[in-house]
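Following: one structure in structure tokens, then a few remarks.
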Amino acid sequence: MKYLFFLLLGIFTAGYFNDIVSTVIIVISIVCYFILKRKELNIRQIIILIIAGAVGFSYYCVSDSVISKSYSGVSLKNTELTVTVLTEPDYSYNTLKFEGKVDGYRGKATITLYDSPYFSCYDKIRLKGNIYSVTQNTQKYFSRGIFYKVTSFDKDIEIERGKGFLKSVINFKKKVLYTIDNVFSNNVAVFIKGVLVGDDRLNNYDLNNSLKKLGLSHIVSVSGMHFSIITGFVLFILRRLYLKRKITSLLTIPVSFLLAIFIGFTPSVVRVLITVTVLSLADLFNRDRIHDTYLLLLVAVLMVVFNIYYIHNIAFILSFTSLAGILIYTKKIIAKIKRIPAGIADAVAVTLSANISTMPFIIYYFKGLPVLSVLANAVVVPLMSVIMIYAIIVVCISFVMLSVGKILAFPLDIVVRMMLDVLVYLSNLRLSYFSTLSIETWYISLYFLALFIIASGIPKFGKISISAILLLFFAINIFYPLDSVISPYSTIYAAGAEDSGKAIIEYKDKVIFINSSSINQKGFSDILDKYNNRFDVYVAFDAKGLEYFHNNKLYADEVFIPSDFCTNEYFVNMLASECGELIPIKEDKILQYGDLNLTLNPKDGYNILKACVSIKNKKIVFPGENAEYLDKNSFYILKYYFLDAHRNSENVINCFENRVERIKI
């Protein structure tokens with residue numbers, strides 16, 4: 001199984017840690033491993049381990065190249081398409097979005113329709129539309145099996161209502177959701193639906209925000225924990241029917257598949273499904289229990305071989321790293337906290353173990369650190385089994401007698417309401433969550449190198465010294481970034497014309513291009529070159545901004561435009577191949593993106609330099625040429641580059657570096 005580990009490490013090195021520093025750190029870790037295990041390894045084993053790593057590295061590189069080429073080059077307009085709907089459509093304004101399977105094309109597609117009739121999951125629709133290959137950020141889409149995007153204005157859509165087993169499962173799921181709404185109060189129903197079904201769209205903002213701050217988002221999203229609890233409950237029932245052990249194992253496999261279809265095939269659910277299947281088959285063939293670590297490695301390799309882009313999926317990463325942490329550290333932590341009651345000690349140890357292994361990824365993806373995560377998980381996670389099983393019983397009884405179900409649901413309703421109130425209170429504490437944190441991938445490598453040294457067999461003094469230095473450096477670079485003196489939380493490039501302007505904001509892990517002009521100001525091409533004309537978000541407040549986007553051959557994952565432009569076929573077709581998704585701006589000249597809000601004042605001619613930006617209700621004013629406009633009360637580090645002041649400079653970028661203004665946190 002060591003070979004599987006090195007195979008997986010090679011794949012991760014090629015696909016995830018794709019910078020030189022991370023690769024060097026991983027190589028150092030491998031060398032340290034060989035030195036520490038030199039008495040256990042012979043030359044033959046070392047050579048095989050190196051080959052396994054090289055095979056993994058090559059496998060990712062070759063697979064990435066082959067898959068990208070095999071799905072590229074599709075660009076068809078106004079063509080006849082037949083689409084099978086794979087997810088429940090999401091309606092906003094007159095725009096409908098969902099994932100589907102297009103007949104004649106391998107892989108899934110993201111579908112965007114306008115002014116369309118209602119249909120549901122597993123229905124089949126026939127329409128005229130445009131289909132394009134996904135050309136950017138392929139890893140993010142490919143990890144979900146998405147290779148195309150489709151847009152259509154066709155109002156004469158033919159709908160063939162779905163039938164068969166899968167459609168029956170979806171209808172049953174809707175019935176479960178309807179029942180939960182009828183037996184529980186509003187907020188509790190939202191929570192229970194998230195817990196049992198795991199549909200993120202069912203959660204309200206306040207609840208999501210509280211759970212995020214406490215590191216509890218996993219309890220209301222489709223995860224392996226939910227699947228494990230439900231599978232365990234079903235297995236418990238089967239065993240109480242006094243069936244033979246092998247029959248129980250045989251029945252567990254199809255039941256697990258049915259549950260996976262109902263909950264959804266997310267990476268974490270697939271992980272548990274494969275694990276249950278392997279263990280059931282081992283039991284059927286009288287095999288001894290497989291070691292947990294070996295089973296984890298086997299399942300990870302099987303999943304990555306099936307879909308190489310899983311390593312770019314946050315659900316996959318957190319699922320495996322948390323379980324790995326639990327397997328490695330739980331017993332050691334329990335041994336250190338013997339005085340705590342057994343039940344509480346187990347919950348604390350499991351939560352702390354999972355946090356140890358997932359912390360750098362949480363900071364990397366979510367730009368924050370839930371400080372009270374261990375406490376919140378230790379209290380809430382043990383309750384989840386009781387809540388889920390009780391809720392399942394209530395729903396089943398409600399199918400037969402709704403009035404009885406409401407009576408039985410009342411005690412659970414009170415408990416969950418009290419729990420949610422406590423969680424909201426904890427999340428509002430001042431130090432419950434550190435936000436605006438940011439790290440590079442090589443910091444993650446550094447962190448795991450420190451963990452490797454802690455677990456190694458080197459002398460205690462050297463172990464403590466080296467690992468302490470690495471972890472201290474890791475912590476300092478999170479809270480007090482050392483690169484470029486101060487690593488900015490946001491960088492703003494602002495260029496103003498007489499009645500318009502442009503701004504590029506590096507906000508968290510996103511690069512946002514806000515444009516209210518078609519004018520290509522002198523010096524701005526240097527900025528575009530820096531980003532290779534590719535952005536996460538592009539905002540255009542008028543037609544000139546859209547034409548600028550198209551004429552300069554820019555690309556963005558999300559393009560925000562006024563809602564009336566979303567139904568303008570000319571603009572949609574013009575931008576179809578340059579953007580991943582068109583999103584209507586809710587109000588004219590106002591953009592809301594996460595916790596960033598941008599407002600342009602009509603009396604100033606929508607001049608970007610006179611725009612008002614607020615982040616988490618803290619105002620930040622674009623300064624123009626005068627630094628006196630800076631809001632000194634802001635709590636965010638910013639770098640401003642003033643293009644207007646350097647239009648005639650030969651080396652614009654170098655001049656920018658000399659005019660940096662920062663607002664201290």
Side-chain angles (χ1 to χ4, degrees), residues 70-138 140-142 144-163 166-167 170 201 537-540 543 545-547 549-550 553-586:
S70 64
Y71 287 96
S72 64
V74 175
S75 180
L76 297 173
K77 292 187 176 182
N78 200 30
T79 184
E80 298 281 347
L81 299 172
T82 301
V83 179
T84 302
V85 182
L86 298 179
T87 59
E88 284 297 323
D90 181 21
Y91 290 87
S92 71
Y93 296 96
N94 54 353
T95 306
L96 184 149
K97 300 178 187 299
F98 60 95
E99 293 177 10
K101 174 70 176 68
V102 184
D103 284 5
Y105 295 87
R106 294 180 300 146
K108 295 190 294 185
T110 57
I111 320 290
T112 303
L113 308 181
Y114 299 91
D115 296 321
S116 299
Y118 176 79
F119 46 83
S120 184
C121 194
Y122 295 112
D123 289 345
K124 186 168 283 191
I125 59 175
R126 296 178 182 84
L127 49 83
K128 284 186 178 180
N130 307 331
I131 182 169
Y132 303 94
S133 299
V134 172
T135 55
Q136 301 294 332
N137 288 324
T138 54
K140 180 180 74 172
Y141 288 109
F142 285 9
R144 292 159 48 198
I146 295 173
F147 299 93
Y148 308 99
K149 57 180 180 177
V150 172
T151 58
S152 174
F153 291 91
D154 189 1
K155 295 182 180 181
D156 299 321
I157 294 176
E158 294 182 30
I159 302 174
E160 181 182 326
R161 299 299 176 185
K163 298 178 182 178
L166 293 177
K167 187 66 175 180
I170 293 300
R201 294 178 300 173
V537 179
Y538 182 85
V539 184
L546 293 177
E547 290 173 353
F549 181 83
H550 177 70
K553 298 181 179 180
L554 306 182
Y555 181 88
D557 283 344
E558 298 174 324
V559 175
F560 286 80
I561 59 177
S563 55
D564 53 330
F565 286 0
C566 275
T567 56
N568 187 310
E569 190 169 354
Y570 169 76
F571 290 118
V572 173
N573 288 335
M574 182 176 72
L575 301 174
S577 59
E578 285 90 18
C579 69
E581 186 176 10
L582 285 175
I583 302 173
I585 298 175
K586 294 182 179 179

Open item on the list: Measuring from atom NZ of K101 to atom CZ of R106, what distance do you get when rounded to the nearest 0.5 angstrom?
Closed with: 9.5 Å
Open item on the list: Which heavy atom of V150 sits nearest to which heavy atom of A109, and what is that distance?
Closed with: CG2-CB, 4.3 Å
TODO: Please report the shortest heavy-atom distance between S133 and Y71, naming the atom on each side.
DONE: OG-O, 2.8 Å
- [ ] Identify the two heavy atoms, one from L546 and one from A540, that lie closest to each other, and give their separation to 0.1 Å.
- [x] CD2-CB, 3.7 Å
Task: Least distance between heavy atoms, S152 atom then D154 atom - done: OG-N, 3.1 Å
- [ ] Mind checking the CD1-CZ spacing from I111 to F98? Nearest 0.5 Å is all I need.
- [x] 5.0 Å
Task: Identified side chain to side chain contact (heavy atoms under 4.5 Å, CB included) counterpart of Y114 within the set N568, L582, L96 - done: L582
Open item on the list: Rounded to the nearest 0.5 Å, what separates atom CD1 in I583 from atom OH in Y538?
Closed with: 15.0 Å
Open item on the list: Could you check, using the six-membered ring where one of them is a Trp, whether Y141 and F147 have ring centers closer than 6.0 angstrom?
Closed with: no
Open item on the list: Contact between F119 and L113 at the side-chain level, heavy atoms closer than 4.5 Å - yes or no?
Closed with: yes
Open item on the list: As an exercise, state the distance from CD1 of I131 to OH of Y105, rounded to the nearest 0.5 Å.
Closed with: 5.0 Å
Task: Least distance between heavy atoms, P89 atom then S120 atom - done: CD-CA, 4.4 Å
Task: Separation between CG of L86 and OG1 of T110, rounded to the nearest 0.5 Å - done: 12.0 Å
Task: Where I159 and Y118 come nearest, the two heavy atoms and their spacing - done: CD1-O, 3.8 Å
TODO: Drop me the distance from T84's OG1 to D103's CG, to the nearest 0.5 angstrom.
DONE: 5.5 Å
Open item on the list: Looking at C121, is its backbone amide N or carbonyl O close enough to the side chain of E88 to form a donor-acceptor pair, meaning the two atoms are under 3.5 Å apart?
Closed with: yes
Open item on the list: Any heavy-atom pair between the side chains of Y148 and V102 that's under 4.5 Å?
Closed with: no
- [ ] Can you run down the salt bridge (charged side-chain N to carboxylate O under 4.0 Å, His left out) pairs that involve residues 117-132, sequence neighbours left out, and say none if there aren't any?
- [x] D123-R161, D123-K167, R126-E160
